[in-house]
Structures are given as C-alpha cells and as structure tokens.
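Structure first, commentary second.
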Amino acid sequence: QVQIEESGGGLVQPGGSLSLSCVVSTSSFSDHPMAWYRQAPGKHRDYVAGITNDGSTDYPNSVKGRFTISRDNAKKMVYLQIASAKPEDTGMYYCKAILGPNDEHWGQGTQVTVSS
C-alpha cells in the first residue's frame, strides 16, 4: 500500500514564501501523477497543483504564478513551493498520489497559516 506524509507547514506572513514536502512510500512512484490540495475549516478540499509522471504541471488560476509543484523520483518526493502568500492560502495542505481511477491515496496534511 501507499503511505504519504506531508511536512513543512507553518506560519508565514502575507507576501512571504514557504516550501512543503511530501514523501511517498511506493515501489512505482515515478509512474504516478501527484497533486496538492488545500482545505480551510468548514470548506471543501480544493485542488491547487498537479504534476504528471512525466513532469508536466497544472495549476488553477487562484495559485498560478505563485505556486510551484515539482518532484524528485529518485527520492520519491513531491514538493510545493508557495510564493507571494496570501491570507486565502491558509488551510490544511494534502498530498495525493493517483494510482488509477478510484485509486487515490492521501496524506494526513500539513497546516499552512498566512497571517500578519
């Protein structure tokens, strides 16, 4: 089975930067797309970044130009760099591995708080 663990969350001021990491335990990490989501209290979980097994990236307009997703297949890790942080970026950030249709695996999340 796949095990996922996020880290790097914390408090950052508006306009600041923060880097999140996700380590994935699977024998076939390089074959799977990965994604980051965030969820504020009382709200639905929103997609914020995706990366294919080949390295192509995708972002919604809300974070485009500020967030950067990357991966290191040798280390079985995926990263999310947050720049020019906004208060609305606050939330629990989750890393997701996509093994196939209806076969998604999530980490426990890491909290990011953007506040002055």
Side-chain angles (χ1 to χ4, degrees):
Q1 287 296 314
V2 177
Q3 289 185 309
I4 301 173
E5 184 174 358
E6 305 93 337
S7 63
L11 178 65
V12 61
Q13 294 186 343
S17 300
L18 194 67
S19 295
L20 309 181
S21 299
C22 172
V23 61
V24 182
S25 178
T26 177
S27 61
S28 57
F29 173 79
S30 62
D31 295 334
H32 306 305
M34 300 290 297
W36 284 94
Y37 288 71
R38 71 185 177 199
Q39 186 172 23
K43 297 185 178 180
H44 295 297
R45 192 170 298 183
D46 295 324
Y47 170 85
V48 296
I51 186 167
T52 70
N53 56 303
D54 196 40
S56 297
T57 58
D58 177 72
Y59 309 92
N61 289 333
S62 59
V63 306
K64 193 172 297 182
R66 301 187 300 110
F67 286 20
T68 303
I69 187 172
S70 60
R71 67 191 297 160
D72 186 329
N73 290 340
K75 297 180 179 179
K76 296 184 177 180
M77 296 188 70
V78 62
Y79 308 93
L80 184 68
Q81 299 180 67
I82 301 172
S84 302
K86 301 178 179 179
E88 52 262 44
D89 294 329
T90 294
M92 187 72 72
Y93 281 70
Y94 298 91
C95 181
K96 181 178 76 173
I98 307 166
L99 275 64
N102 299 311
D103 191 10
E104 302 174 342
H105 299 261
W106 299 85
Q108 293 298 306
T110 184
Q111 179 68 37
V112 172
T113 302
V114 184
S115 177
S116 60

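These figures come from a predicted structure and were not determined experimentally.
Among residues two or more places apart in sequence or in another chain, the side-chain contact (heavy atoms from CB on, under 4.5 Å) test is passed with Asn102 by none. For Arg66, the salt bridge (Lys or Arg N to Asp or Glu O under 4.0 Å) criterion is met by Asp89, not counting sequence neighbours. Residues passing the side-chain contact (heavy atoms from CB on, under 4.5 Å) test with Thr68, sequence neighbours excluded: Tyr59, Gln81. With sequence neighbours excluded, no residue satisfies side chain to side chain donor-acceptor pair (under 3.5 Å) with Asp72. Partners of Lys64 according to the side chain to side chain donor-acceptor pair (under 3.5 Å) rule, which considers only residues two or more places apart in sequence or in another chain, are Asn61.
In plain terms, the two heavy atoms of Gly91 and Gln111 that are nearest each other are O-NE2, 3.5 Å. Nearest heavy atoms, Thr90 versus Pro87: OG1-O, 2.9 Å. Across all their heavy atoms, Ile69 and Gly50 have their closest contact at CG2-O, 3.5 Å. Nearest heavy atoms, His105 versus Leu99: CD2-CD1, 3.6 Å. For the pair Leu20 and Ile82, the tightest heavy-atom approach, listed with the atom from each and the gap, is CD1-CD1, 4.3 Å. When every heavy atom of Ser17 is checked against every heavy atom of Ser84, the shortest pair comes out as OG-N, 4.4 Å.
For residues 98-116, the salt bridge (Lys or Arg N to Asp or Glu O under 4.0 Å) pairs, not counting sequence neighbours, are Lys96-Glu104.
Proximity of a side-chain donor or acceptor of Arg71 to a complementary backbone N or O of Thr52 within less than 3.5 Å is detected.
Put simply, the side chain of Lys75 does not reach to within 4.5 Å of the side chain of Ser21, judged on heavy atoms. For the pair Arg38/Val112, no side-chain contact is recorded, criterion being any heavy-atom separation below 4.5 Å from C-beta on.
Residue Val23 belongs to a hydrophobic cluster whose other members are Met77, Tyr79, with links defined by side-chain heavy atoms closer than 4.5 Å. With a 4.5 Å cut-off between side-chain heavy atoms of Ile, Leu, Val, Met, Phe, Trp and Tyr, the cluster of Tyr94 takes in Tyr37, Tyr47, Met92, Trp106.
No more than 12 heavy atoms of other residues, nucleotides or ligands shown are found within 6.0 angstrom of CD on Gln3.
The structure places CE of Met34 at 10.0 Å from CG of Asn73, a figure rounded to the nearest 0.5 Å.
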Which atom pairs, one a donor and one an acceptor, fall under 3.5 Å between side chains of residues 4-12 and the rest of the protein, sequence neighbours left out?
from : atom 1 : to     : atom 2 : distance (Å)
Glu6 : OE1    : Gln108 : N      : 3.1
Glu6 : OE1    : Gly109 : N      : 2.8
Glu6 : OE2    : Cys95  : N      : 2.7
Glu6 : OE2    : Gly109 : N      : 3.4

